A.B. asks: 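The structure's right below; bear with me while I get my questions together.
Every chain is numbered from 1 and lettered A, B, ... according to where its sequence line falls, protein lines coming before strand lines. Remember, predicted model here, so these are calculated numbers, not experimental data.
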Amino acid sequence: MPSIVRCYLKTALVMFILALGVGLVQNLGGILPFSPSSLTPVYFHLLMVGWVTQFILGVALWMLPKYSMEKPRGIQALSWAAYILLNIGLLVRAVGEPLNAYSSGLVWDWLLILSAILQWMGGILYVINAWKRVKVK
Amino acid sequence: MPRLSAWAVRLSLLYLLLGFTVGAIMLANKGIPFAPWIWRLLPAHIDFLLFGFVIQLAIGIAHWILPRYQGGSRGKETLVWGAISLLNLGIWTVSCISLFNLPGQWLVVGRLLEGTAAVLFASQAWGRIRPS
Ligand code: HEM
């Protein structure tokens, strides 16, 4: 299994555990300095983007038809960039959401915007590289 | 990869882009609110990503890699074409409700379309799930 695929899959597993950890913290209720409901989108997206989507994207990188003999996975730098952007974007959201709920109107509101841009760019770069590998045989 | 799977996978990648775009706009709007109506995109965001991306990709890939029948046939492809078409109709029906303030009954229509897609796909894939 190529190293890029291993990175996608192993990070997905870590996000899976992280998501369930956030789910646990969310239920600590009154102990938290912010509303635990602000963690709902964090929990859900760590699960759906960090775990499910990242695992799917990793497996797709591995098993989609080869782009060419010399470059089986197309321009691999694009998939690496997507990996970094998606994960950093997701983690920035995980920090930004509770801070934003704790007190909005401050500098960390920009964290959500930064997260939005990073994840969006990650999605685009991944699709650009995967697109050419979806072919009829 | 058969033509049908290629279509389903390409569509699912397009929904990934659409869903991420809508999600990014909503997230930015949550950070610094600029248009309250953006929240009306939430049902579209959810359906684009859960049904358009995840489920459609699963259907496309399953149709490609499940064991084939003798002679290499993948069974009645028209059923899967039907499933993909109804799934997409359902996604857009559900997504348009809050965007265009359609009556709530449309949600039943959308979910029925998606449900029928599931039945069509399941009935086609069922026979291919067997010991090889
Ligand atoms: C496969 C990927 C994804 C799936 C299945 C998904 C699904 C969902 C679901 C079910 C909700 C409603 C539940 C909730 O509020 O927590 C939601 C809300 C939301 N999603 Fe996603 N999402 C995905 C990716 C993304 C991405 C990449 C972004 C941003 C770049 C995003 C931004 C949002 C925002 C801002 C909300 C509203 C959260 C709130 O209620 O405050 N989503 N998503």
A.B. asks: So what's closer than 4.5 Å to chain B heavy atoms on A:Ile124: side chain, backbone, both or neither?
C.D. replies: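 Looking at A:Ile124, backbone and side chain both touch chain B.
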
A.B. asks: I'd like a table of the N/O donor-acceptor pairs between chain A and chain B - cut-off under 3.5 Å, distance only.
C.D. replies:
residue  : atom : partner : partner atom : Å
A:Glu97  : OE1  : B:Lys30 : NZ           : 2.5
A:Glu97  : OE2  : B:Lys30 : NZ           : 3.3
A:Trp120 : NE1  : B:Thr21 : OG1          : 2.9
A:Val134 : O    : B:Arg10 : NH2          : 2.8
A:Lys137 : N    : B:Met1  : O            : 3.0

A.B. asks: For A:Leu86, is it the side chain, the backbone, both, or neither that has a heavy atom closer than 4.5 Å to a heavy atom of chain B?
C.D. replies: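 The side chain, not the backbone.
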
A.B. asks: List, by chain and number, the other hydrophobic cluster members for A:Leu112, where Ile, Leu, Val, Met, Phe, Trp and Tyr join if side-chain heavy atoms come within less than 4.5 Å, directly or indirectly.
C.D. replies: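 Other cluster members: B:Leu27.
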
A.B. asks: Please check if B:Val119 and B:Val109 belong to a single hydrophobic cluster, counting links between Ile, Leu, Val, Met, Phe, Trp and Tyr side chain heavy atoms closer than 4.5 Å.
C.D. replies: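 In one cluster: no.
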
A.B. asks: Does any backbone or side-chain atom of B:Leu49 lie under 4.5 Å from a heavy atom of chain A? Answer side chain, backbone, both or neither.
C.D. replies: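 The answer is neither part of B:Leu49.
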
A.B. asks: Do you know the tightest heavy-atom contact between A:Ala130 and B:Leu13?
C.D. replies: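 Taking A:Ala130 first and B:Leu13 second, the nearest heavy atoms are CB-CD1, 4.2 Å.
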
A.B. asks: What residues form a side-chain contact (heavy atoms from CB on, under 4.5 Å) with A:Ala19, not counting sequence neighbours?
C.D. replies: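 Once residues adjacent in sequence are excluded, the partners of A:Ala19 under the side-chain contact (heavy atoms from CB on, under 4.5 Å) criterion are A:Leu46, A:Leu47.
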
A.B. asks: Please answer: with hydrophobic residues joined when any side-chain heavy atoms are less than 4.5 Å apart, are B:Leu79 and B:Ile129 in the same cluster?
C.D. replies: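 No, B:Leu79 and B:Ile129 fall in different hydrophobic clusters.
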
A.B. asks: Nearest 0.5 Å, please: how far is CG in B:Leu57 from CG in A:Leu57?
C.D. replies: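 A:Leu57 CG to B:Leu57 CG: 8.5 Å, rounded to 0.5 Å.
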
A.B. asks: What is the minimum heavy-atom distance between A:Ala116 and B:Ala24, and which atoms define it?
C.D. replies: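 Answer, listing the atom of A:Ala116 first, then B:Ala24: CB-O, 3.4 Å.
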
A.B. asks: If Ile, Leu, Val, Met, Phe, Trp and Tyr residues are connected whenever their side-chain heavy atoms lie under 4.5 Å apart, and connections chain through other members, are A:Ile117 and A:Val107 in the same group?
C.D. replies: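 In one cluster: no.
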
A.B. asks: Can you tell which part of B:Ile65 gets under 4.5 Å to a heavy atom of chain A, answering side chain, backbone, both or neither?
C.D. replies: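 It is the side chain, since no backbone atom gets that close.
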
A.B. asks: When you group the ILVMFWY residues by side-chain heavy-atom contacts below 4.5 Å and let the links chain together, are B:Leu120 and B:Leu112 in the same group?
C.D. replies: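 Different clusters: B:Leu112 never reaches B:Leu120 through Ile, Leu, Val, Met, Phe, Trp or Tyr contacts under 4.5 Å.
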
A.B. asks: Side chain to side chain contact (heavy atoms under 4.5 Å, CB included) for B:Met1 and A:Val134? Distances and angles first, verdict last.
C.D. replies: CA-CA 8 Å; B:Met1 184 185 291; A:Val134 184; 3.9 Å; yes

A.B. asks: Roughly how far, to the nearest 0.5 Å, is CZ of B:Phe34 from CD1 of A:Ile113?
C.D. replies: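 Rounded to the nearest 0.5 Å, the CD1-CZ separation comes out at 7.5 Å.
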
A.B. asks: Under 4.5 Å side-chain heavy-atom separation, chaining through any Ile, Leu, Val, Met, Phe, Trp or Tyr, what else clusters with A:Ile17? Say none if it is isolated.
C.D. replies: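 Grouped by the 4.5 Å side-chain rule, A:Ile17 forms a cluster of one, so the answer is none.
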
A.B. asks: Under 4.5 Å heavy-atom distance to chain B, tell me which part of A:Met48 shows up: side chain, backbone, both or neither.
C.D. replies: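 Contact with chain B involves the side chain of A:Met48 alone.
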
A.B. asks: Grouping I, L, V, M, F, W and Y whenever their side-chain heavy atoms are under 4.5 Å apart, do A:Leu28 and A:Val22 come out in a common cluster?
C.D. replies: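 Yes, A:Leu28 and A:Val22 fall within the same hydrophobic cluster.
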
